[in-house]
Amino acid sequence: MGTFSIWHWLIVLLIVVMVFGTKKLKNMGSDLGGAVKGFKDGMKEGGNKPEDGAAPVAGQVTSSTTAQAEKTTIDVEAKTKS
C-alpha cells in the first residue's frame with residue numbers, strides 16, 4: 001500500500017494525457033523549460049556587479065518610466081469593507 005507499481009503510474013499518466021491532451025502538455029513542458037532557463041540566466045546576471053553605464057536593475061523605476069506611468073495611470077479609490 002505504501003509503494004506504487006509501474007501500472008499505477010501508467011494509469012495516472014494515461015488519465016493526465018486524456019485530461020490535458022498531448023498538445024497542452026507539450027506547451028507546458030516548453031514553458032517550464034523557458035522559465036528554468038530564464039531563472040538560470042537571472043542568477044548568473046545577479047552575481048555580477050553592474051558597471052557605471054549599465055542599464056538599471058530590474059524593479060527600479062527611472063524618471064522616464066515614471067513620467068509615462070503618470071500619463072496612463074487611472075486613479076481608483078479603494079473602499080474598505082466594514
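Just so we're clear, the structure is a prediction, and the values are computed from it rather than from any experiment.
Under a hydrophobic-cluster definition in which Ile, Leu, Val, Met, Phe, Trp and Tyr are linked whenever side-chain heavy atoms come within less than 4.5 Å, directly or via other members, Val17 and Val19 are assigned to the same cluster. Under the 4.5 Å side-chain heavy-atom criterion for grouping Ile, Leu, Val, Met, Phe, Trp and Tyr, Phe4 is not connected to Leu10 through any hydrophobic cluster. Ile6 and Val16 fall into different hydrophobic clusters, where Ile, Leu, Val, Met, Phe, Trp and Tyr side chains are chained together by heavy-atom contacts under 4.5 Å. Connection of Leu25 to Leu13 is established within a shared hydrophobic cluster, with ILVMFWY side chains joined at heavy-atom distances below 4.5 Å, either directly or through further cluster members.
Atom CG of Leu32 is separated from atom CG of Asn27 by 12.5 Å, given to the nearest 0.5 angstrom. Put simply, OG on Ser5 and CD1 on Ile11 are 7.5 Å apart, with the number rounded to the nearest 0.5 Å.
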